[in-house]
Amino acid sequence: MKKKWISAISGLAVGVLASAVFFGDFSPKQPTSTASAKTNAEKVYVPFGKKDEYYLFASGGHSGQLFVYGVPSLRRIRTVPVFSLDSATGYGWDEHSKKMLGGYTWGDLHHPAFSETNGEYDGKYLFATDVANSRAAVLDLKTFTVKDIISVPNTSGPHCAAFVTENTEYLFLPTRFAVPLGNKYESLDDYSTKYRGVMSAVTFDEKAQKLHIAYQVALPPWSYDLSDAGKKISKDWAVVTTYNTEEATTNLEINASKEDRDFIVLFNWKELEKMVKEGKYDIVDGQKVIFPEKQKGGIYLVPVAKSPHGVDVTPDGKRFIASGKLAPLLTVFSFEKAFKAIENKDFAGERNGIPILRYESVMEREVNPENALGPLHTQFDDKGMAYTTMFISSEVVKWDPNTGEVLDRVPVQYSPGHSVAAEGDTVSPDGKYLVSLNKLAKDSYLSVGPSHPESMQLIDISGKMEVIQSAPVDPEPHYGQMIKADKIKTINVYPKDESNPDAVYNQKDARIVRKGNEVHVYGIAMRSKFIFDAKAKRPDVIEVNEGDKVFVHLTNIDRDEDITHGFAINRYNLNIEVQPGQTNTVEFVADKAGTYPIYCTNFCSALHQEMTGYLLVKPKQ
Amino acid sequence: MKKAKLSVSTAIIVSCSAILTGASLFFPWWGMRFVAPQYPEGLDIIVYPNKLKGNIDIINGLNHYIGMKPFSEESFPELSYLPYIIGALAIFLLVVAWLRDKRLLVALVVVFAIGGLLGLYDLHRWLVDFGTNLSDDAPIKIKPFVPPVLGENRIANFVTNSYFSTGAYMIGAAFFLLILPLWKERKR
Ligand SMILES: [Cu+2]
């Protein structure tokens, strides 16, 4: 009997062995190479098959776009249109983007900001503001496309934005230009009484993918320059730099630089939120507006060396650092000291109804690196060390916020505005990399005439600072955000949405429906054809009458990564794209009779040239 | 005539074979992987006894260029009844193990073998059908072809690799587990 058991088990063992031979993975392990003693070229070279370690999102300034780079290669991966038209992606022609742009053709995209969870980038959304036309936008990082844009009333030029609170409760938009409430006409002689620098608190509804203005604060008629949200102990607070507290109305270069001191606005957004809940606001232009001179509390002024640019909160949330710009000085302030001064009502009077804290009671130290001029903006590394760009002396200075000691400095070419470190404005920066966003390239690259692109330089900050890569960048990177690549989870194909009445997922369902003088096309694009009407003699033809309103709903049924199709009509000045699996709509009035070829603009296949059709517009009788 | 009774160990092995056979229903049996310069990650057709998985839509989309018919689960009636045949086989095996009837076991082994060969023939038949009935309207004309049931083939820019998968190996192992005791008990 025992023998039988043994043979049974041995029989099974043979089966298991056989399956192990078939399924087992006996491939040899890849040897891992060590990263020691790499040359600069090796540090930035990312061979095919490997990916960059970080995404860098650089603001595209007055291009209205956002530029996506890989770090350390500094290869430009994608241009994402946000506030401007972009024919390459049909942005501004399809109905969704056209509505979002609201008739504006350009924007000035300033400071991008990631959504955060517990003070860390969560890789889900990116917010940006438009200084030109006072808008705010949100991008979904699953698709790298804009989901919503809002126009912000009562304010003009949210340069100072966007900054996001620790759990993306709010995105604050302070403004660069003071304007009368409601953008009404008011004489500049009445600037101090009639003008305001309104800051907006914006919330994001993730489910509806919509931005919404929760409330506004009618700050004094000053210019607000840069800002940062608090972290950890200061998480309910935020800081904003100001200039032109002189309230000059002309020739700001001179007149806004007269006083030795401007202010940092220090506010507690939890308290402002509470005021709004308690109804302590006025309605202006449809918005709930808090007037600080009427609703006391929650907002304070901290004197600072004149015309500061950046104000940045240290990763531990204990300090905020103002960069002097015109004063060659970095000022380290203490949140704890500020909280104590507020508690003790240790005020040095008021300005425009807002209490002023005493400089001496909030300031911790002034840092003045020798010959460093024009400090603009500060980022941090994993050890809490600060890196400040010096616009005028064209360098990055590393220093210790705990002691004020200057640790290192490296020249950059030329004139850095902002810099961006790896997760450098979160509660836990990564160190490793810092990108200096330089305003001038001049002779850095092959000449392209009198004007040149801007320049980004990658600095290895793991040891002694060293510039290891340089890349031209289009106008104009104001700030950036650098995030660990694995935090961003993109999709390959748009998921099917069976509830979308405009979508067609089966080519047999492609159809053209006429309603009076409206023509609705429910079509598909696939390699390598359009089908607008599956039952027609020529399925790739749209025939309408002159004056008809035409709606083309197009679904890309190639559910295959990167197989994007375009849809353009000759001489009709329109072009949209449909990404894999996406449904998009373009509307137009067929106001020109004649024959107009339709073609796919996004090269999709070997027979892409054949991916065409016709729009036939019958003339009016 | 005294019935040849299977040993207890054989009954256990036959039971294991039955379990393997039944379990194979939940695993893919056969697949074909398409690799092209543009698809280094490969596109897959993965065949289960009752369904198709993989990048069927994309493969159909590409195949229309060479005039191949699109295929789907509806194209293969086998997928609707195959699970019942396999399930029945598993149950019969359990019955045999319970009865420990050698002649029944031999009969099942024969059925098993014939079924397997028929299955392979059926697969081959479909490959011939799809590879040779190409539309004359195809934008890209290629010579009709028959992808092998097992192994590599080249169609245009694609290198295809046909392979048996987990379910088929389980079936193979199940068959092996039936042969093993029969061979062992051949002298009885
Ligand atoms: Cu196309």
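Bear in mind that the values here come from a model prediction, so they are computed numbers and not experimental data. FYI, side chains are in, hydrogens and waters are out, and symmetry mates aren't considered; it's all heavy atoms of this structure. Here is the naming used below: chain letters follow the sequence lines, and residue numbers restart at 1 for every chain.
- Contacts of A:D558 with chain B are absent, with no heavy-atom separation under 4.5 Å from either backbone or side chain.
- Of the two parts of B:Y39, only the side chain, counted from C-beta on, holds a non-hydrogen atom closer than 4.5 Å to a non-hydrogen atom of chain A.
- Of the atoms belonging to B:L62, it is side-chain heavy atoms, and not backbone ones, that fall under 4.5 Å from chain A.
- In this structure, B:H124 and B:Y121 have tilted ring planes: the angle between them lies in the 30° to 60° band.
- For A:Y596, the ring-ring contact (aromatic ring centres under 6.0 Å, His included) criterion is met by A:Y572, not counting sequence neighbours.
- Taking A:E543 as the reference, nothing meets the side chain to side chain donor-acceptor pair (under 3.5 Å) condition, with sequence neighbours excluded.
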Step by step, work out the salt bridge (charged side-chain N to carboxylate O under 4.0 Å, His left out) result for A:R75 and A:D52. CA-CA 9 Å; A:R75 290 181 297 202; A:D52 278 299; 3.5 Å; yes
